[in-house]
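Only one structure is covered here, and it is reproduced in the block below.
In what follows, every heavy atom counts, from backbone to side chain, and hydrogens, waters and symmetry copies are set aside. All ligand and atom numbering here is 1-based and tracks the order in the structure.
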Amino acid sequence: MSTPTSSSNVGAPGDSEGAVPVLSRRRFLAGGAWAAGATAAAVSGYTLGSHQSDDILSDAPGVGQDTVSPYGSHQAGITTPLQSHASFLAFDLLPATTLDDRRRWLELLSDDIERLTTGRPALADPQPELASLPARLTITLGFGAGFFAAAILRSQRPDWLGPLPAFRHDELDTSVSGGDVLVQVCCDDPVTLSHARRMLIRDSTSFASLRWVQHGFQRARGVADGQTPRNLMGQVDGTSNPMPADPGFDDAIWHSGEPAWLAGGTALVLRRIRMRLSAWDGLSRDSKEATIGRRLSDGAPLTGGHEGDEPDLDARAPDGSSVIHPQAHVRLARVSDPKQRILRRGYNYEDGPVRDGAPEAGLLFVAAMADPTRQFVPVQRRLDEADLLNDWTRTVGSAVFAVPPGFMPGGYVGATLLT
Ligand code: HEM
């Protein structure tokens with residue numbers, strides 16, 4: 001698998017505002033997950049391999065100064081290899097917010113994106129020093145159905161944008177579902193992330209109210225670089241994920257056709273899936289592995305081999321039973337048509353312990369795809385019907401956003417819709 005090429009420039013336009021030294025520019029292309037092939041999770045590891053991300057600005061060794069360019073045909077933060085920390089902020093537009101207000105807000109947020117992701121303070125930043133180590137900060141914006149409520153925007157809403165159909169195992173809580181605008185903030189450093197989050201909220205309050213915030217995490221950078229991440233059930237999670245160089249990737253992930261403003265954008269599905277970890281802990285190792293269809297030790301299919309090997313769904317045990325259980329998660333989640341694949345980029349979450357000491361923990365399932373009705377919904381229906389995992393998980397939050405294409409210097413995220 002080759003490292004995808006970049007079509008973007010590096011860094012931000014010159015801007016001397018603020019007290020932070022301008023980063024020197026060094027082209028850096030490291031080996032790692034993207035380059036290592038399919039077994040490395042597409043979004044694990046730290047080689048920046050997305051279209052817009054194979055350039056890292058770095059002044060000196062140190063992950064704090066690594067940046068991901070905010071520019072490109074797609075927004076950063078979709079194919080960017082996972083950072084260690086993430087916050088998802090959902091906003092609701094204030095009543096009577098006009099089209100001009102929306103535009104001004106997006107221009108302001110895009111200015112924050114340009115500055116903060118390149119190690120420069122936000123405008124009138126009260127703590128400019130906290131912006132100086134971007135640590136691969138990416139900020140990605142998305143629009144929920146409510147963003148299109150204005151009569152003039154209604155015809156621009158993609159058909160698939162809105163609440164997902166109800167699923168049997170959903171126990172949705174509106175306080176972590178929906179939202180008119182999503183701001184996804186990912187970073188390798190929690191302090192930089194906290195500062196960016198605060199600036200983005202500060203610059204939003206004239207236009208929108210905060211609906212919910214959800215935080216997620218992966219391994220700290222440097223701990224398991226190049227390895228596929230693990231979720232809180234202990235499973236290797238992210239192995240069979242499409243890679244940008246795979247045939248059909250662009251068709252599966254990036255929007256094309258109508259509405260035309262979204263070309264080069266994508267749909268983002270976010271599901272907050274709670275895990276019953278205390279109950280899961282009591283399950284035997286064999287049962288845990290049967291639930292997924294892969295080994296806990298290294299993520300290899302139960303039909304043998306290595307993590308990157310394809311599961312053999314027809315394999316039979318000597319007693320005639322399927323080696324991979326008929327209701328195993330990987331069997332039901334699999335699709336044969338490459339255009340139906342989704343790009344998973346989830347984060348673990350833990351907001352507990354709560355009440356009886358059990359953790360309020362699970363997976364912020366985050367996936368990008370061209371069309372959730374065609375891609376996410378059929379898979380989720382199969383999982384909802386029969387997935388063995390359903391005994392140990394409940395989806396408690398759900399939201400879908402249209403993620404506009406990327407932008408270039410002088411532009412802003414959402415310009416294709418609002419200009
Ligand atoms: C807490 C909930 C979930 C957990 C713990 C979980 C865990 C896993 C694990 C361990 C794998 C195997 C390794 C890999 O290929 O990544 C996997 C595969 C997969 N999961 Fe999930 N998953 C969850 C929810 C979902 C949901 C909601 C969907 C989509 C509706 C989904 C779609 C997939 C897909 C498409 C694959 C790859 C299947 C293949 O092609 O082999 N998962 N998941």
Hey, can you tell me if Phe207 and Trp105 have their rings parallel, tilted or perpendicular (30° and 60° cut-offs)?
-> parallel
Could you tell me which atoms of ligand 1, counted from 1 in the order shown, lie closer than 4.0 angstrom to a heavy atom of Arg294?
-> 12 (C), 13 (C)
Judged by non-hydrogen atoms, does Gln380 sit under 4.0 Å from ligand 1?
-> yes
About how many Å separate CD1 of Ile273 and CG of Leu389, when rounded to the nearest 0.5 Å?
-> 8.5 Å
Exercise: do Glu307 and Thr239 side chains pair donor with acceptor under 3.5 Å | yes
Protein contact to atom 40 (O) of ligand 1 [nearest heavy atom, distance to 0.1 Å] | Ser240 OG, 3.0 Å
Test: Arg344 cationic atom under 6.0 Å from Phe365 six-membered ring centre, within 45° of axis = no
Relative to the heavy atoms of Val379, which atoms of ligand 1 are at a distance of less than 4.0 Å?
-> 29 (C), 30 (C)
Is the Tyr71 to Phe407 ring centre distance short of 6.0 Å?
-> yes
Which atoms from ligand 1 have a heavy atom of Thr393 less than 4.0 Å away?
-> 1 (C)
Qualifying residues under salt bridge (charged side-chain N to carboxylate O under 4.0 Å, His left out), relative to Asp173, sequence neighbours excluded | none
So which heavy atom in the protein is nearest atom 10 (C) of ligand 1, and how far is it from that ligand atom?
-> Val236 O, 3.3 Å
Any side-chain donor-acceptor pair under 3.5 Å between Thr174 and Ser177?
-> no
Proximity of Phe148 and Trp261 rings by center, below 6.0 Å | yes
Hey, is ligand 1 close enough to Arg334 that some N/O pair sits below 3.5 Å?
-> yes
Is Gly238 in contact with ligand 1, taking contact as a heavy-atom separation below 4.0 Å?
-> yes
Within the 4.0 Å heavy-atom cut-off, what Thr239 brings close to ligand 1 is both
Between Asp371 and Gln375, does any side-chain donor sit less than 3.5 Å from a side-chain acceptor?
-> no
Is Lys339 atom NZ crowded by more than 12 heavy atoms from other residues, nucleotides or ligands, each under 6.0 Å away?
-> no
Atoms of protein origin (N, O or S) under 2.8 Å from atom 21 (Fe) of ligand 1 = His329 NE2
List every atom of ligand 1 that sits less than 4.0 Å from any heavy atom of Ile273, numbering the atoms from 1 in the order shown and giving each element.
-> 1 (C), 2 (C), 27 (C)
Report the C-alpha separation of Arg272 and Gln214 in whole Å, then their side-chain angles, then the decisive distance to 0.1 Å, and conclude whether the side-chain hydrogen bond (donor to acceptor under 3.5 Å, both in side chains) test is met.
-> CA-CA 9 Å; Arg272 182 181 179 92; Gln214 303 188 48; 2.9 Å; yes
Going by the atom numbers of ligand 1, which of them fall below 4.0 Å from some non-hydrogen atom of Phe376?
-> 29 (C), 30 (C)
Between Thr266 and His255, do the side chains contain an N or O donor and an N or O acceptor separated by less than 3.5 Å?
-> no
N/O of Gln235 under 3.5 Å from N/O of ligand 1, yes or no?
-> no
